[in-house]
There are 2 protein chains.
Amino acid sequence: MIERKSERTKSAIRAAARQVFALVGYERATIRDIAREANIDPAMVMRYFGSKDGLFADTANFDLNLPQDLGEAPDKAGERMAAHFIAVWEQEGSGFAVLLRSASSNPVAAARIAAVLSEQLLPAVVAMVGPQEAPQRAGLIASQMLGLALSRYVLSLGPVAAMSREQIIAGIGPTLQRYLYGPLAR
Amino acid sequence: MIERKSERTKSAIRAAARQVFALVGYERATIRDIAREANIDPAMVMRYFGSKDGLFADTANFDLNLPQDLGEAPDKAGERMAAHFIAVWEQEGSGFAVLLRSASSNPVAAARIAAVLSEQLLPAVVAMVGPQEAPQRAGLIASQMLGLALSRYVLSLGPVAAMSREQIIAGIGPTLQRYLYGPLAR
DNA sequence: CACGTTTATCAACACTCGTTGACAAATTCT
DNA sequence: AGAATTTGTCAACGAGTGTTGATAAACGTG
């Protein structure tokens, strides 16, 4: 057999876990729920992922994957960044929904979001504006993007969820642009 | 006795509940934890609040309390709004921390945040810019403010938590200003 | 003081959860 | 085919949870 049977089961569990975790969060998701969603026995989850924590750690990952050339067209950076964020989030199984849904109550998820900020967003901003002002600028950007994701995808707040991608980008792009290159308080 | 003894106990429970709920969220908070924090018996919680849900419903309330005169100085509205948000959140026992910490996993909390948007923020924005564009503008404002609160108070993301109130206001005020009165995509 | 009401204590129930281990079935290898 | 390994099933355990009811202590009132 070219592919172990267990790999099929593992990915079925993973897919079900992503779905359930993203929908109800780490605490409310039960192994029994996930197993039922994947049409397997709860014990299989333990066999292949060791524990509920292990499954979550495997499922809740996210790569921001920012383009490297944002700084080459500085006047377009904000808009491009906004568009990139939305594109990455809306691709299925990105793991970001899992992460954000559980971040408020699960320390592991919170730490991973913090890591995305410090290891992916911050370096990109450093490359654009230098190390001096980068933390503050990256922090402001993170606050806007996380707030958008929370409002639109997690809480589904009416007005935010109703906006089109284009409206979102038109609204938030200039904000990111200013957070990147606009004036800053000392 | 001028004040029933039960009122003392009830407010002790309330205070402990706010603290525990705000720290770990609805699901991870246990009645036993809250009771221990308040130095009372778990059964007292049931007597006075009926259920864990009842206690949460009693604890998790929030009034944005926006000033009525924001529209009178339109060029200052964004900055004043930002300053007001921060002031309201940082006053102890505001209940907002409880709400936001649990919003991602608790439907009641999510619904209450949605209600703050639709019943408090939206009407204020309608009064300033009219009903046509208000939903989109209020949605954008909510996304930025929720994201700030999430980053700074719930997740304590380093760069955001490190900023001073003045830096926050200087950074976010202009954003709200543009969300209120700036150009908008159709 | 004695009585009724309010407040507090305690132990237990019923349930759900993550997790485990024994065992069976299927699959692969010799 | 027979043995060994992998994969799956099932029932149960132990811990923790919200919740309840019986019972005691504290308190105000005649």
Side-chain angles (χ1 to χ4, degrees), chain A residues 1-60 98 101-102 104-110, chain B residues 1-60 98 101-102 104-110:
Chain A
M1 189 180 285
I2 193 161
E3 170 193 9
R4 282 242 170 281
K5 178 79 185 317
S6 58
E7 291 304 321
R8 297 271 305 163
T9 328
K10 279 181 73 168
S11 60
I13 296 175
R14 245 190 288 259
R18 251 193 278 267
Q19 186 174 324
V20 177
F21 279 143
L23 202 61
V24 303
Y26 178 83
E27 347 282 343
R28 287 185 119 92
T30 74
I31 289 192
R32 287 171 167 86
D33 282 345
I34 295 169
R36 190 176 321 114
E37 182 70 31
N39 285 309
I40 50 98
D41 190 278
M44 290 292 93
V45 176
M46 307 303 296
R47 177 192 287 283
Y48 291 121
F49 295 92
S51 67
K52 186 184 178 183
D53 282 290
L55 177 60
F56 186 77
D58 183 282
T59 304
V98 174
R101 174 75 70 176
S102 300
S104 312
S105 55
N106 185 290
V108 174
Chain B
M1 189 180 287
I2 195 161
E3 171 192 7
R4 282 242 172 281
K5 177 81 186 316
S6 59
E7 291 303 321
R8 297 270 306 161
T9 327
K10 279 181 73 169
S11 59
I13 296 174
R14 247 190 286 257
R18 252 193 277 265
Q19 185 174 325
V20 176
F21 280 142
L23 202 61
V24 304
Y26 177 84
E27 348 281 343
R28 286 185 119 92
T30 74
I31 288 193
R32 287 172 169 85
D33 282 345
I34 294 169
R36 189 176 322 114
E37 181 71 32
N39 286 309
I40 50 97
D41 190 276
M44 290 292 91
V45 175
M46 306 303 296
R47 175 191 286 281
Y48 291 121
F49 295 92
S51 66
K52 185 184 178 183
D53 282 289
L55 177 60
F56 186 77
D58 183 282
T59 304
V98 173
R101 173 76 70 176
S102 300
S104 312
S105 54
N106 185 290
V108 174

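With hydrogens and angles disregarded, no donor-acceptor distance shorter than 3.5 Å links the side chain of B/Arg101 to the backbone of B/Gly25.
Atom pair A/Arg28:CZ and C/dG18:C1' shows a separation of 18 Å (rounding to whole Å applied). Rounded to an integer number of Å, the gap from CE of A/Met46 to P of D/dC13 is 18 Å. At whole-Å resolution of the value, CE in A/Met44 and P in D/dT9 are 7 Å apart. When rounded to the nearest whole Å, the span between CD1 of B/Ile13 and P of D/dG18 equals 14 Å. Atom OH of B/Tyr26 is separated from atom C1' of D/dT17 by 11 Å (rounded to the nearest Å). Distance, A/Lys52 NZ to D/dG16 C1': 13 Å, rounded to whole Å.
We find the CG-OH distance between B/Asn106 and B/Tyr26 to be 6.5 Å, quoted to the nearest 0.5 Å. The CD1 atom of B/Ile34 sits 7.0 Å away from the OG1 atom of B/Thr59 when rounded to the nearest 0.5 Å. Atom CG of B/Leu55 is separated from atom CE of B/Met46 by 9.5 Å, given to the nearest 0.5 angstrom.
Not one side-chain nitrogen or oxygen of B/Thr9 sits closer than 4.0 Å to the OP1 or OP2 atom of C/dT7.
Here A/Ala29 lies in heavy-atom contact (under 4.0 Å) with sugar-phosphate atoms only. Contacts of B/Tyr48 with the nucleic acid, taken as non-hydrogen atoms under 4.0 Å apart, involve only primed sugar atoms and P, OP1 or OP2.
With the nearest nucleotide of DNA chain D identified for both B/Thr30 and B/Asp41, B/Thr30 has the one nearer the 5' end.
Put simply, the side chain of A/Arg32 and the base of C/dG18 share a donor and an acceptor less than 3.5 Å apart.
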